[in-house]
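See below for the structure under consideration.
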Amino acid sequence: MNAQKLGTTLYLIENFYTDTVDLDKVAEDAIIAALKELDPHSAYISRKDVEKANEQLVGSFEGIGVTFQIIRDTITVIGPTPGGPSERVGIMAGDKFIKIDGEDSFGKKIDNEYVQKHLRGKKGTKVTVTVKRGNDPELMDFEIIRDKIPLNSINAYFMMKKDVGYIKLDRFAQETTHEFTSALDSLKKQGLKSLILDLRSNTGGYLNTAIEMVDQLLKADQLIVYQEGLHQPRQEWRSTEAGMYTEGKLVVLIDEGSASASEILSGAVQDHDRGVIIGRRSFGKGLVQRPFNLPDGSVIRLTTARYHTPTGRCIQRPYEEGTEEYYKEMTKRLERGEYFHADSIHFPDSLRYKTDNGRVVYGGGGIMPDIFMAIDTSFDSKLYTNLVRKGVFNKYTVDYAMANRDKLKAKYPDFSQFNDQFEVSDSMIEDFKAVAEKEKVEWNEEQYQRSGKYVKLQIKALIARNVWDMQQYYEVTLTEDPIIKKALEIILNDKVYKATLR
């Protein structure tokens, strides 16, 4: 009856309404409004947006393979995708795209949509880019044949110290499990015995990928997760004997940006006392969305069930006050002081559960870490914020790397030498200040004294990224990360590590 009413309403509008109406838009607006009344995560995706919405999880797209930033109205290459079509023809970090297929590609018309429209395209098609490189007065033309470009879900993995490995996971995508097992295999060959898995700001992804990932960490026949809903009977998943890392020490890092699949993994690890969770309370998304294809190619992602961690916790936070209030939760956490003090977080006793070892954990609002770490504000200043907001770091480091790449590679043949020995000099800071002034950032010396250590760290890390790769960016920045320092402190102390899990 209700479906009939909606269909009749659209029929009446189309045939009797006084003015011309875009009926497709009316139908879409009605669907969006209906879904908004259900929960914050049921969603409508229009036909033109379906491919873009799936791209991050499918794990690839077709194009030329560069990370870019628009600096001073010019497309500037941050780095070519390793092994991708741009790298194969010789595109380098710092190159500026002046023309694309003979058309000027700079000025106010340049935005992300312009870049995607002109540089992405079907595998096998060609595009010619005209490049300005450094101070070379001559422009260079490169003919690039577009190809499939992988979107890696692991941003970095490396050995930190002794036998401790680190993996930074950005999302739970189609190829994530393969990437993860490859990273584990590489780290094991380097002596891995303890692992730090960084899920901070990981918003989730595929449920199946989360299950496969947890399977690598648990011993056989342990409950990973289960889900159930009004129209969906209980369905559960258990670990197999396939796990590659079921014995060594494990620390999982989470924060308020860790959601969905990240919470499935950290919840299973916590409930089975498999590892120590460090950071801040996670986002709190415990709803499962199933995609339903509509006749015109659009998709409804409808919440069909809730998922539960092995102890029975549903970590979905309340949304009864509506979607708008739901998404204000992160601001409310800040106002309550939750990012700074663990005792500002309160869970009702009705949501109390116990892990395999009898430790108390709570449901109903994200995963609460075993060890709370306040947000780091030691570098926070208006100066630092403005330097980031105005893109000063990127503008300076792209130019510096382009001008000094060969010298740096000659002086530091191995990145570890650069990481150990390179320091941002006072003269570099003076040049950096000049870029800041050009971008109308007021330089406050008092604020610089507060943030200077992190300004230099960010400059060094971005130079490393532009000369080497993104992994090296993390290797630099993590040296001063308080949560990483705490993770190392816990994982390198057998007594403390074991006591935390009892």
Side-chain angles (χ1 to χ4, degrees), residues 55 60-121 123 125-152 155-156 170 388 390-409 415 418 432 435 438-439 458-474 476:
E55 190 176 87
S60 67
F61 64 93
E62 293 178 354
I64 69 167
V66 293
T67 303
F68 71 92
Q69 186 170 353
I70 298 169
I71 299 177
R72 304 184 193 102
D73 296 330
T74 303
I75 304 164
T76 304
V77 177
I78 300 301
T81 303
S86 289
E87 186 185 62
R88 290 198 293 267
V89 300
I91 297 294
M92 299 172 62
D95 284 348
K96 296 176 173 60
F97 288 0
I98 304 302
K99 293 186 177 184
I100 299 174
D101 284 333
E103 175 189 316
D104 287 349
S105 57
F106 57 87
K108 292 186 177 179
K109 66 180 180 180
I110 305 302
D111 56 19
N112 288 337
E113 187 176 344
Y114 176 93
V115 176
Q116 292 194 12
K117 181 179 178 182
H118 286 77
L119 295 182
R120 288 194 180 186
K123 177 180 177 179
T125 58
K126 295 179 182 178
V127 61
T128 300
V129 296
T130 302
V131 166
K132 181 169 190 335
R133 178 167 293 168
N135 294 321
D136 192 336
E138 289 191 26
L139 301 180
M140 297 178 282
D141 287 336
F142 293 88
E143 186 179 84
I144 307 171
I145 299 174
R146 296 182 179 97
D147 202 346
K148 182 171 271 192
I149 311 300
L151 284 171
N152 293 329
N155 288 339
D170 189 48
V388 173
K390 291 292 187 76
V392 177
F393 284 108
N394 278 327
K395 287 164 187 170
Y396 173 77
T397 55
V398 164
D399 289 343
Y400 183 91
M402 175 61 72
N404 295 278
R405 177 180 283 104
D406 293 340
K407 292 178 186 176
L408 289 170
K409 289 247 182 176
F415 167 73
F418 171 88
F432 180 75
V435 176
K438 191 173 181 180
E439 298 301 322
Q458 189 71 358
I459 290 172
K460 179 177 177 179
L462 288 170
I463 291 171
R465 182 191 70 179
N466 292 330
V467 174
W468 283 277
D469 204 350
M470 180 58 80
Q471 173 158 306
Q472 283 66 45
Y473 171 87
Y474 283 99
V476 173

* Using the side chain to side chain contact (heavy atoms under 4.5 Å, CB included) rule, pick out the option among N466, L462, V388, T76 that qualifies with N394. => L462

* Asked: Is the side chain of R146 donor-acceptor paired with the backbone N or O of L119 at a distance under 3.5 Å, no angle test?
  -> yes

* **K409 NZ: over 12 foreign heavy atoms closer than 6.0 Å** => yes

* Got K438 and K395 here, is their nearest side-chain heavy-atom distance under 4.5 Å? -> no

* Evaluate the side chain to side chain contact (heavy atoms under 4.5 Å, CB included) criterion for residues F97 and T74: first the C-alpha distance (whole Å), next the side-chain angles of each, then the deciding distance (0.1 Å), finally the verdict. => CA-CA 7 Å; F97 288 0; T74 303; over 6 Å; no

* Asked: Do F393 and F432 have ring centres separated by under 6.0 Å?
  -> yes

* So, does D136 use its side chain to make a donor-acceptor pair with the main chain of E138 at under 3.5 Å? -> yes

* **Non-hydrogen side-chain atoms of I110 and D73 separated by less than 4.5 Å** => no

* Where do T397 and I463 come nearest, in terms of heavy atoms and distance? -> CG2-CG1, 4.0 Å

* Asked: So, for K148 and E62, which heavy atoms are closest and what is the spacing to 0.1 Å?
  -> CA-CG, 4.1 Å

* Structure fact -> Residues at least two apart in sequence or cross-chain that pass salt bridge (charged side-chain N to carboxylate O under 4.0 Å, His left out) with K96, listed by chain then number, are D399

* Where the side chain of D111 meets the backbone of E113, is there a donor-acceptor pair that is under 3.5 Å apart? -> yes

* Asked: Mind checking whether F415 and W468 have parallel, tilted or perpendicular rings, split at 30° and 60°?
  -> perpendicular

* In Å, rounded to the nearest 0.5 Å, how long is the span from CG of D147 to CD1 of I149? -> 6.0 Å

* Report yes if the side chains of I75 and V66 come closer than 4.5 Å at any heavy-atom pair, otherwise no. => no

* Taking everything shown except K99 itself, do over 12 heavy atoms lie less than 6.0 Å from its NZ? -> no

* Can you check whether I91's main-chain N or O pairs, donor with acceptor, with S86's side chain at less than 3.5 Å? -> no

* Spacing of K460 atom NZ and Y400 atom OH [to the nearest 0.5 Å] -> 11.5 Å

* Asked: If only atom types and distance count, is the side chain of S105 paired as donor or acceptor with the main-chain N or O of I98 below 3.5 Å?
  -> yes

* From T130 atom OG1 to I100 atom CD1, the distance as rounded to the nearest 0.5 Å -> 9.0 Å

* side chain to side chain contact (heavy atoms under 4.5 Å, CB included) assessment of M470 paired with T67 -> CA-CA 10 Å; M470 180 58 80; T67 303; over 6 Å; no

* Answer yes or no: is there a donor N or O on one side and an acceptor on the other, between the side chain of K109 and the main chain of Y114, under 3.5 Å? => no

* May I ask you to decide if D469's main-chain N or O and Q472's side chain share a donor-acceptor pair within less than 3.5 Å? => yes

* Determine, stepwise, if the pair D95 / V129 fulfils side chain to side chain contact (heavy atoms under 4.5 Å, CB included). => CA-CA 11 Å; D95 284 348; V129 296; over 6 Å; no

* **Contact check, side chains of F142 and T128, non-hydrogen atoms, under 4.5 Å** => no

